[in-house]
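As structure tokens, the structure follows; a few thoughts come after it.
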Amino acid sequence: PQDQGFHEVLVHGSGGVGQTPNFFGNKYFDDTYWHNGKKEQFKGYCTDVWFDHARRFIKKSTDAGKPFFCYIPTNAAHGPFLVADKYKQPYLDAGVPARRAAFYGMITNIDENVARLRKQLAASGLADNTLLIFTSDNGANSGDGGSSAPYTGGKGQGTQKEGWVRVPTIFSMPGVLPKGKQYDGLVANFDFYSTIAALAGQTIPKHCDGVNLVPYLMGKRTGDAHQHLFWLNNQPDDAVRRHLIAVRRQDWRLYKKYE
């Protein structure tokens, strides 16, 4: 990321802590990460480390009177499902199976960290003028007991279907966007770039396929932001689960199943 324009970078180097590119021996607690390209050990749980570092970066930027862009792609709640007992115990007490309880506990920890981030923005007087986007990278992991119902498919099974790509997305910017409004139009995460650029007063590059969503979120425009969305993902080493060809138009989805 530091070679792509990010000034402050803290990463673990793979899709999930514990995967091959990651620092050997990392287990979510007191791990070693790459800080601006150099190995450094950090105390604490991985998600707490990401958010604490992000909040310090935001404070440093605001104290210097500088605008900021902060991207926090957590590895949680990706497997392996490891979290402190205090987060999973309430779910175990409710009768949830141990593996699922740990997964829910990881989500609870994310919720706490998002709350702390929002409180910092509010206390700094930045909440009304800061766009906060909360979203995910894929639908429920159906291979691990998750469900994207009422949509079929999901990560691990039926990857061409709607349940694989549909995710929750929340935009919060109280000084600009209305509270409690729901927009059901057809959008994609590449619209984030165009939306952020527009709110920052920047010209949207001509090569971008993304759409500025602000008029839709404010109710000034209705309907779908895109007439079509197209997906193409060819992963030969895992074609059965991850070979994805699909197109979406309005309420219809056409997909080609791997054979």
Side-chain angles (χ1 to χ4, degrees), residues 1-2 4-12 16-17 26 28-38 40-78 82-88 90 103-137 167-182 189 191-202 213-214 217-218:
Q2 61 267 28
Q4 304 294 324
F6 286 87
H7 299 109
E8 180 67 20
V9 177
L10 181 62
V11 297
H12 56 80
V17 168
N26 277 359
Y28 285 30
F29 296 90
D30 301 335
D31 289 342
T32 297
Y33 309 124
W34 276 263
H35 183 203
N36 296 327
K38 296 181 179 180
E40 184 177 339
Q41 187 174 18
F42 290 81
K43 298 290 291 184
Y45 183 60
C46 55
T47 306
D48 297 333
V49 171
W50 310 136
F51 274 89
D52 289 347
H53 197 83
R55 290 191 292 114
R56 286 194 295 270
F57 164 74
I58 292 172
K59 185 178 187 305
K60 182 179 179 181
S61 299
T62 53
D63 287 348
K66 297 180 179 179
F68 62 88
F69 172 79
C70 185
Y71 176 48
I72 314 175
T74 66
N75 53 288
H78 194 285
L82 303 173
V83 71
D85 290 343
K86 68 176 183 178
Y87 290 108
K88 62 184 177 182
F103 175 66
Y104 292 161
M106 295 171 79
I107 295 174
T108 300
N109 175 264
I110 293 173
D111 288 346
E112 282 191 1
N113 276 288
V114 171
R116 282 194 285 267
L117 175 61
R118 294 187 66 194
K119 288 179 180 178
Q120 177 176 327
L121 293 174
S124 302
L126 296 173
D128 285 353
N129 196 38
T130 300
L131 175 63
L132 178 64
I133 302 175
F134 183 89
T135 189
S136 182
D137 59 342
V167 297
T169 301
I170 300 172
F171 286 77
S172 176
M173 193 174 187
V176 177
L177 303 176
K179 296 181 180 180
K181 184 175 179 59
Q182 181 171 316
N189 59 7
D191 294 321
F192 297 171
Y193 180 92
S194 300
T195 303
I196 293 169
L199 286 170
Q202 302 299 310
L213 298 178
V214 172
L217 299 175
M218 295 183 68

Assess the residue pair Leu10 and Phe42 against the criterion (side chain to side chain contact (heavy atoms under 4.5 Å, CB included)); give the C-alpha distance rounded to whole Å, side-chain angles, the decisive distance to 0.1 Å, and a yes or no.
CA-CA 10 Å; Leu10 181 62; Phe42 290 81; 3.5 Å; yes

If we only count heavy atoms from C-beta on, is the Pro1 to Val11 side-chain gap below 4.5 Å?
yes

Going by salt bridge (charged side-chain N to carboxylate O under 4.0 Å, His left out), name the residues that satisfy it together with Asp52, two or more places apart in sequence or in a different chain.
Arg55

Applying side chain to side chain contact (heavy atoms under 4.5 Å, CB included), run through Asp31 and Tyr33 and close with a yes or a no.
CA-CA 6 Å; Asp31 289 342; Tyr33 309 124; 3.3 Å; yes

Under a plain distance cut-off of 3.5 Å, with no hydrogens placed, do Asn75 and Trp50 share a side-chain donor-acceptor pair?
yes

Does anything in residues 104-132 pair up under ring pair (Phe, Tyr, Trp, His ring centres under 6.0 Å), and if so which pairs, sequence neighbours excluded?
Tyr91-Tyr104

Considering residues at least two apart in sequence or located in another chain, which fulfil the ring pair (Phe, Tyr, Trp, His ring centres under 6.0 Å) criterion with His35?
His53

Applying ring pair (Phe, Tyr, Trp, His ring centres under 6.0 Å), can you list everything that pairs with Phe29, at least two apart in sequence or on another chain?
Tyr45

List, one per line, each side-chain donor-acceptor pair under 3.5 Å for residues 125-132, sequence neighbours excluded.
{"from": "Thr130", "atom 1": "OG1", "to": "Leu126", "atom 2": "O", "distance (Å)": "2.7"}

Let me have the donor-acceptor pairs involving side chains of residues 62-72, under 3.5 Å, with sequence neighbours excluded, atom names and distances please.
{"from": "Thr62", "atom 1": "OG1", "to": "Ile58", "atom 2": "O", "distance (Å)": "3.0"}
{"from": "Thr62", "atom 1": "OG1", "to": "Lys59", "atom 2": "O", "distance (Å)": "3.0"}
{"from": "Asp63", "atom 1": "OD2", "to": "Lys59", "atom 2": "NZ", "distance (Å)": "2.8"}

Give me the atom names and distance for the closest heavy-atom approach of Thr32 to Gln41.
OG1-CB, 3.8 Å

Centroid separation under 6.0 Å, is that true for the rings of Phe192 and Phe171?
yes

